[in-house]
Amino acid sequence: MRIVEATSFGGPEVLRVREADDLAAGPGQVVVGVVAADVLSVEAQLRTGWGAEWSGARPPFAPGTGVAGRVLSAGEGVDPSWVGRRVATRVSGGYAEQALADVDGLIALPDELGFPEAAALLQVGAAAMSLIEAAELKPGSRVLVTGAGGGLGLVLVELAAAAGAEVTASATAVAKRQRAERLGAAHTEPKGAYDVVFDGVGGETGARAFELTAPGGRVFAYGVMEGSPPPSIPSSRRRVASPSSAWSRSSSPPSGSEPWRSGP
């Protein structure tokens with residue numbers, strides 16, 4: 001089989017294809033023939049060497065933490081009926097033609113769901129559901145989603161709109177903002193005071209989002225595409241971002257806030 005490895009820290013140019021032995025399923029495992037692998041923004045950051053002190057990533061390594069495809073073989077103790085089935089699952093080293101997975105982590109796919117869509121939703125879908133549930137949105141809640149053009153951002157826009165929230169989707173590109181509008185965003189120009197902010201960008205963008213949070217509102221910070229947590233959040237109130245991480249806003253947003261846009 002072929003795998004894609006990061007031969008050193010850096011941009012896409014450090015990725016190389018090489019041949020490797022086919023995989024064999026151990027007890028409780030299956031081998032998945034990979035049709036699609038998810039590509040997470042955090043993995044692209046880790047490939048550059050960002051976060052190496054806590055991620056443990058050391059080149060050479062095969063990125064990829066989620067795949068979709070068909071089960072090729074099953075190990076001892078696994079129901080043989082899994083073989084041939086369409087599945088999605090979390091793995092290690094998913095940038096490959098084959099991946100090992102624990103049978104307990106397999107998700108059987110309905111026929112109407114394509115492999116690319118399943119791989120794309122495998123992790124961002126679960127994260128978005130967790131964030132939406134933690135936010136306890138109510139009909140009419142004013143919600144800001146930064147980085148709304150990304151995979152997680154778009155799912156958050158759609159789920160928040162479905163919950164009856166008035167969603168503002170912030171993204172850099174016109175096409176990304178238009179797609180967010182098609183998924184239910186009411187606005188694309190952040191302005192005013194928001195009951196809930198989903199910040200997937202961090203840095204200065206996250207700081208501006210924090211300042212637009214209404215008194216008593218909540219900020220869920222789950223991404224640092226700009227390289228750091230929002231600098232306006234006091235260090236004593238920062239936590240490692242996760243779907244359940246939130247900061248409460250206690251002061252008023254600035255009056256006459258100017259519209260702004262965020263990435264990616």
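For reference, positions follow the sequence shown, starting with 1.
Interatomic distance, Asp21 CG to Met1 CE, rounded to the nearest 0.5 Å: 8.0 Å. To the nearest 0.5 Å, the span separating CG on Leu212 from CZ on Arg142 amounts to 9.0 Å. How far OG1 of Thr172 is from CZ of Arg177: 7.5 Å, rounded to the nearest 0.5 Å. Between the CZ atom in Arg18 and the OG1 atom in Thr7 there is a gap of 11.5 Å [rounded to 0.5 Å]. Of the inter-residue distances, the one linking Arg70 atom CZ with Arg85 atom CZ reads 11.0 Å to the nearest 0.5 angstrom. Rounded to the nearest 0.5 Å, atoms CG (Leu131) and CG (Leu152) are 6.0 Å apart.
Remark: side-chain polar atoms of Thr146 are paired, donor with acceptor, to backbone N or O of Gly200 under 3.5 angstrom. Remark: side-chain polar atoms of Glu166 are not paired, donor with acceptor, to backbone N or O of Val143 under 3.5 angstrom. At distances below 3.5 Å, not a single donor-acceptor pair connects side-chain atoms of Glu112 with backbone N or O atoms of Pro110. Without hydrogens or angle criteria, Asp38 side chain to Gly66 main chain gives a donor-acceptor distance under 3.5 Å.
When the side chains of ILVMFWY residues are joined at heavy-atom separations under 4.5 Å, either directly or via intervening members, Leu23 and Val87 end up in two distinct hydrophobic clusters.
Glu76 CD: 12 or fewer foreign heavy atoms inside a 6.0 Å radius.
In this view, Val4 and Leu15, Val17, Tyr95 satisfy the side-chain contact (heavy atoms from CB on, under 4.5 Å) rule, not counting sequence neighbours.
The heavy-atom pair separating Ala169 from Val157 by the smallest distance is CB-CG2, 4.0 Å. In terms of heavy-atom proximity, Val91 sits nearest to Ala101 at CG1-CB, 4.1 Å. Pairing each heavy atom of Gln29 with each of Ala25, the nearest pair is O-CB, 3.5 Å. Scanning both residues, Val197 and Ala209, for their nearest heavy atoms gives CG1-CB, 3.8 Å. When all heavy atoms of Val34 and Ala96 are compared, the pair lying nearest together is CB-O, 3.2 Å. Of all heavy-atom pairs between Thr89 and Gly105, the closest is OG1-O, 3.3 Å.
Each ring-ring contact (aromatic ring centres under 6.0 Å, His included) pair with one or both residues in residues 172-207, not counting sequence neighbours, appears once here: Phe198-Phe220.
No donor-acceptor contact under 3.5 angstrom links the side chains of Asp195 and Ser141, judged on distance only. With no hydrogens or angles considered, no side-chain donor-acceptor pair links Thr168 and Glu189 at under 3.5 Å.
By the 6.0 Å and 45° rule, Arg47 does not stack over the aromatic ring of Phe9.
A salt bridge links Glu97 with Arg2: the distance from a Lys NZ or Arg NE/NH1/NH2 to an Asp or Glu carboxylate oxygen falls below 4.0 Å.
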